[in-house]
Protein chains: 2
Amino acid sequence: MAKGKVSYSCGLDAAVDVVGGKWKPLILWALHEAGTRRFGELRRDVSGVSEKMLIQQLRELEADGIVHREVYREVPPRVEYSLTGLGQSLNTALLPLGQWGDDFMSQILRNREHPRTGPA
Amino acid sequence: MAKGKVSYSCGLDAAVDVVGGKWKPLILWALHEAGTRRFGELRRDVSGVSEKMLIQQLRELEADGIVHREVYREVPPRVEYSLTGLGQSLNTALLPLGQWGDDFMSQILRNREHPRTGPA
DNA sequence: TGCAGTACTGTCGCATCGGAAAGTGCCGAA
DNA sequence: TTCGGCACTTTCCGATGCGACAGTACTGCA
């Protein structure tokens with residue numbers, strides 16, 4: 001489960017630990033958009049992710065109580081992932097951050113290209 | 001600068017990349033609380049951080065245009081760090097997330113201790 | 001018979017992360 | 001004259017991240 005810290009100095013620290021995996025923002029976003037997705041669907045939604053990483057990040061999110069994993073013991077195995085209530089509250093709390101990213105990511109990318117050109 | 005990705009699939013991805021360093025939430029929080037801090041002060045504020053990591057994370061935040069670095073060429077060198085406008089807007093966007101962390105981190109910690117005991 | 005799809009699991013190995021610690025140049029205090 | 005503080009910088013090295021890839025158990029399709 002993420003770094004699996006035992007304690008946090010502040011809530012922000014905890015939240016970033018939960019959401020800070022390489023693919024977690026994308027997974028959270030995909031589940032937020034779709035509601036419920038199967039493993040294979042998520043693998044296609046989150047382009048570039050390997051099966052191993054997808055599973056690993058899903059397991060961590062599950063351990064943290066962010067996503068719910070429902071297994072249907074059917075002929076071809078079917079597993080559906082969805083956000084828990086906690087996951088939905090997390091996504092709500094992430095909305096302003098996502099908005100900030102949308103608004104400023106081009107500026108940030110520009111800042112990185114030529115340092116000390118961005119407005120202070 | 002963080003992972004230094006060249007593009008992002010969504011704003012959330014970008015924001016987590018900017019804020020996802022090990023010590024960055026703590027640094028952001030310290031600067032948010034104090035307004036302006038010197039290097040040595042930050043080192044004491046953010047307990048446990050090594051000088052190397054503190055510098056590194058500060059440099060990344062500076063490259064992303066989140067913190068401002070002001071050097072005073074004085075007898076003992078003095079350097080002051082503060083949030084830029086962009087950094088302040090980031091902190092504003094982070095407030096709900098910090099609140100979420102404060103509200104639920106104990107629940108998350110509990111979820112990790114005994115899996116499948118948290119409410120779905 | 002063999003290939004594809006489902007949902008994983010396990011191993012290998014490079015690359016990055018990040019902590020410890022020592023070095024740097026300058027200065028004031030003891 | 002040595003110590004300590006300031007703000008770094010550099011090196012070493014173990015821990016971790018993460019991608020590539022192969023394997024598993026089952027089934028349906030051709």
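Remember, it's a predicted structure, so these values are computed and weren't measured experimentally. The chains referred to below are lettered A, B, ... by the order of the sequence lines, with proteins before strands, and numbering in each begins at 1.
- As a whole-Å value, the separation of I55(A) CD1 from dG10(C) P is 11 Å.
- Here R59(A) reaches the OP1 or OP2 of dC8(C): one of its side-chain N or O atoms lies under 4.0 Å away.
- Remark: P of dG18(C) and CG of L54(B) are 13 Å apart, rounded to the nearest angstrom.
- Looking at residues 25-39 of chain B, you'll see that no heavy atom sits under 4.0 Å from any atom of DNA chain C.
- The hydrophobic cluster containing V18(B) does not contain W29(B), counting ILVMFWY residues as joined when their side-chain heavy atoms lie under 4.5 angstrom apart, directly or transitively.
- Between C10(A) and D13(A) the shortest side-chain heavy-atom distance falls below 4.5 Å.
- The shortest distance between side-chain heavy atoms of H68(A) and E62(A) does not fall below 4.5 Å.
- Residues R37(B) and E80(B) are not in side-chain contact: their nearest non-hydrogen atoms beyond the backbone lie 4.5 Å or more apart.
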Yes or no on side chain to side chain donor-acceptor pair (under 3.5 Å) for Y81(B) and R69(B), after CA distance, side-chain angles and deciding distance? CA-CA 5 Å; Y81(B) 294 91; R69(B) 180 165 173 270; 3.3 Å; yes
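- Ion pairing of K24(A) with E60(A) is present here, as a side-chain N (NZ or NE/NH1/NH2) and a carboxylate O approach within less than 4.0 Å.
- Between L86(A) and F104(B) the shortest side-chain heavy-atom distance falls below 4.5 Å.
- The CD-P distance, from E41(A) to dC8(C), rounds to 13 Å in whole Å.
- One finds no side-chain N or O of R78(B) lying less than 4.0 angstrom from the OP1 or OP2 phosphate oxygen of dC27(C).
- Residues V16(B) and V16(A) are not in side-chain contact: their nearest non-hydrogen atoms beyond the backbone lie 4.5 Å or more apart.
- In this structure, Y81(B) reaches the sugar-phosphate backbone alone: every heavy-atom distance under 4.0 Å involves primed, P, OP1 or OP2 atoms, never a base.
- OP1 or OP2 of dC8(D) lies within a sub-4.0 Å distance of a side-chain N or O belonging to R69(B).
- Residue S89(B) holds its OG atom at 8.5 Å from CG of D103(A), rounded to the nearest 0.5 Å.
- Going from atom CD of E62(B) over to atom P of dA7(D) covers 15 Å, rounded to whole Å.
- Atom pair D17(B):CG and dC18(D):P shows a separation of 11 Å (rounding to whole Å applied).
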In 5'-to-3' order, the base (B), backbone-only (S) or no-contact (-) status of each nucleotide in nucleotides 19-30 of chain D, using a 4.0 angstrom heavy-atom cut-off, is BB------S---
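- Rounded to a whole Å, the CD atom of Q56(A) is 7 Å from the P atom of dG17(D).
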